[in-house]
2 protein chains.
Amino acid sequence: MSAGELRGRKPRADVQRNRAALLETAQRHFLQHGVGTSLEAVAKEAGVGPGTLYRHFPTREALLAAVLQTRSEELVARQTDIERLDDPAEALEQWLRAMEEYFSAFSGLPDPLMAAARAQEPDNPLTIPCDILIAATDQYVRAAQLAGRVRASVRGQDLFLAACSVAWIKGTGTEEEPLDRLRTLIASGYREPDTQA
Amino acid sequence: MSAGELRGRKPRADVQRNRAALLETAQRHFLQHGVGTSLEAVAKEAGVGPGTLYRHFPTREALLAAVLQTRSEELVARQTDIERLDDPAEALEQWLRAMEEYFSAFSGLPDPLMAAARAQEPDNPLTIPCDILIAATDQYVRAAQLAGRVRASVRGQDLFLAACSVAWIKGTGTEEEPLDRLRTLIASGYREPDTQA
DNA sequence: CATCAAAACGGATGCTGCCTCCGTATGCAT
DNA sequence: ATGCATACGGAGGCAGCATCCGTTTTGATG
């Protein structure tokens, strides 16, 4: 029993190979056909049987969460950029935009996301990222409120919902123009009106 | 050839009977299981074969539109009430609430609704009601704008989208409290800030 | 009332996708 | 080289969609 073997034997090579192939293929299919894409098709194109897919990812949500992992890391990276901003209102705005893009990664993504955000099933692999995002949003909201830039009644959860909604609408194929008016409307809704001199 | 027969013979009795049974059953299933409910199950419970269901309603959307017909009439009824109000801002608010309830009739309804609102497929039976609703919303918006109660940048379509979003979120099972904060946020977004004396 | 043709019925059918189970193949350890 | 744990993968059962066509129902007609 050498150093690295404390937890059983070394992981098999094919496991890692298949997992990688599945993730790569799944991402492509989610992009092209939305989160409802056929998992059988993913398995076939990844060159594995359905059984292998389901052993690696027992549910569609598990596969989705794994594919989303990469994107999550991009979000975290953006966060460090955003936190450097002086203006907390601007930071909040950019954060909301980043979340919206994250939610729009695949068409139909907002639905399982909302399901995970609501439910207290801790076995849903999407629940954790959702909770993290809500908490992060709340941070940005509070900072902007301290600076008097956001209405006191607003919660992080509210803007999480709003970002999710916009992403949902985007996913239904609405054009950019009305979408942008909706974003503006929401911004007017959470911002503290200018108490200008 | 007597008076009423200009357009072929009298409609068969079983046709009307089956149609009514299908609509009644479909409404119940949409209520209980959302718009994605099994059409086979609907047919079986209505006591007809699948073929009959698909002859009456060639697509899920057609069945949905037919079931929604009843609710649409309730909406129209509400409209005459709303139009009696003196305050155009209050009228808009009530109209938005009415639309939201309409959209929340069945879980999952907002999706096909948005699909119909976007597409210019005139064969989608949901397109017409959507266009009517957007136009009606625009009327209320304009009236409120003339009274200086709603920002000039707002369009009827924007609030249609907003109402749809709220209905969508409601359908995902979110509790009333955050939902209500979101409604408030949206209202702050479209209302003209008080230019109070 | 008997007959007829049009109209409608309904279920058998083929298809796709989900998910599981288990005999077989693979690869790591010795 | 051998053995055994581990992973593979496809067959198979199930559910839902949508269609097609032989059979039945229904209203019209004399």
Side-chain angles (χ1 to χ4, degrees), chain A residues 1-26 29-30 32-64 66 106 108 111-112 115 123-125, chain B residues 1-23 25-26 29-30 32-66 106 108 111-112 115 123-125:
Chain A
M1 189 188 284
S2 70
E5 290 179 31
L6 294 175
R7 285 276 184 149
R9 55 175 70 184
K10 171 208 303 192
R12 285 171 56 154
D14 49 355
V15 170
Q16 298 181 296
R17 198 160 15 89
N18 286 332
R19 182 185 162 88
L22 281 169
L23 284 177
E24 197 276 333
T25 310
H29 280 239
F30 283 147
Q32 287 180 11
H33 312 294
V35 298
T37 194
S38 157
L39 297 188
E40 277 197 345
V42 170
K44 185 182 291 185
E45 198 177 310
V48 306
T52 299
L53 188 154
Y54 285 103
R55 194 167 338 94
H56 280 272
F57 309 102
T59 67
R60 183 180 296 271
E61 282 70 36
L63 178 55
L64 200 48
F106 315 123
D111 291 82
D123 52 338
N124 186 327
Chain B
M1 188 187 283
S2 73
E5 289 180 36
L6 294 175
R7 285 274 184 151
R9 52 174 73 182
K10 170 207 306 189
R12 284 171 57 153
D14 49 355
V15 170
Q16 298 182 297
R17 198 161 13 91
N18 286 331
R19 183 185 162 88
L22 281 168
L23 285 176
T25 310
H29 280 239
F30 283 147
Q32 286 181 9
H33 313 293
V35 297
T37 193
S38 157
L39 297 189
E40 276 197 344
V42 170
K44 186 182 292 184
E45 198 177 312
V48 306
T52 298
L53 188 154
Y54 284 103
R55 196 167 336 95
H56 280 273
F57 309 102
T59 67
R60 184 180 295 272
E61 281 71 35
L63 178 56
L64 201 48
F106 315 123
D111 291 82
D123 52 337
N124 186 327

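Nothing here was measured: the structure is a model prediction, and the numbers come from that model.
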For this session: Tell me what B:Ala13 touches on the nucleic acid: a base, only sugar-phosphate, or nothing, going by heavy atoms under 4.0 Å.
Result: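 Here B:Ala13 touches the backbone only, sparing every base.
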For this session: Assign A:Arg17 to base, sugar-phosphate, or nothing according to its heavy-atom contacts below 4.0 angstrom with the strands shown.
Result: sugar-phosphate
Exercise. Taking side chain as C-beta onward, heavy atoms only, is B:Phe30 less than 4.5 Å from B:Val42?
Worked result: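 In short, these two side chains do not touch, never coming nearer than 4.5 Å.
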Exercise. Mind checking whether B:Arg60 and B:Leu39 have side chains closer than 4.5 Å, heavy atoms only?
Worked result: yes
Exercise. Which distance, rounded to the nearest 0.5 Å, do you find between the NE2 of A:His56 and the CD of A:Gln16?
Worked result: 10.0 Å
Seminar exercise, completed: Rounded to the nearest 0.5 Å, the NE2 atom of B:His29 sits from the CG atom of B:Leu63 at a distance of 11.0 Å
Exercise. In residues 53-64 of chain B, which ones come under 4.0 Å of DNA chain D, going by heavy atoms?
Worked result: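 Correct list: B:Tyr54, B:Arg60.
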Exercise. Start at the 5' end of DNA chain C and walk down; is the nucleotide closest to A:Ser38 or to B:Gly51 reached first?
Worked result: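 Looking at DNA chain C, the more 5' nearest nucleotide goes with B:Gly51.
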Take atom [atom1] of [X] and atom [atom2] of [N], then tell me their distance rounded to the nearest Å.
| X | N | atom1 | atom2 | answer |
| --- | --- | --- | --- | --- |
| B:His29 | D:dG16 | NE2 | C1' | 14 Å |
| A:Arg9 | C:dT26 | CZ | P | 17 Å |
| A:Lys44 | C:dC18 | NZ | P | 12 Å |
| A:Asp14 | D:dG9 | CG | P | 8 Å |

Exercise. Is the distance from OP1 or OP2 of C:dC9 to the nearest side-chain N or O of B:Asn18 less than 4.0 Å?
Worked result: yes
Exercise. Is the phosphate of C:dA8, meaning OP1 or OP2, less than 4.0 Å from a side-chain N or O of B:Thr52?
Worked result: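 Indeed not, no polar side-chain atom of B:Thr52 lies that close.
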With respect to the side chain of [X], which nucleotide from [options] is positioned closest?
| X | options | value |
| --- | --- | --- |
| B:Val15 | C:dG17, D:dG16, C:dA8 | C:dA8 |
| B:Arg12 | C:dC18, C:dT20, D:dT25 | D:dT25 |
| B:Lys10 | D:dG10, C:dG10, D:dG27 | D:dG27 |

Exercise. Who pairs with A:Arg12 by salt bridge (charged side-chain N to carboxylate O under 4.0 Å, His left out), at least two apart in sequence or on another chain?
Worked result: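 Residues passing salt bridge (charged side-chain N to carboxylate O under 4.0 Å, His left out) with A:Arg12: A:Asp14.
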Seminar exercise, completed: Minimal heavy-atom distance between B:Ala41 and B:Ser38, with the atoms involved, is N-OG, 3.0 Å
For this session: Evaluate side-chain contact (heavy atoms from CB on, under 4.5 Å) for B:Leu64 paired with B:Phe106, printing each intermediate quantity in order.
Result: CA-CA 10 Å; B:Leu64 201 48; B:Phe106 315 123; 4.1 Å; yes
For this session: Report the residue (B:Pro11 or B:Glu40) whose heavy-atom-nearest nucleotide on DNA chain D is the more 5′ of the two.
Result: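 The residue whose closest nucleotide sits nearer the 5' end is B:Glu40.
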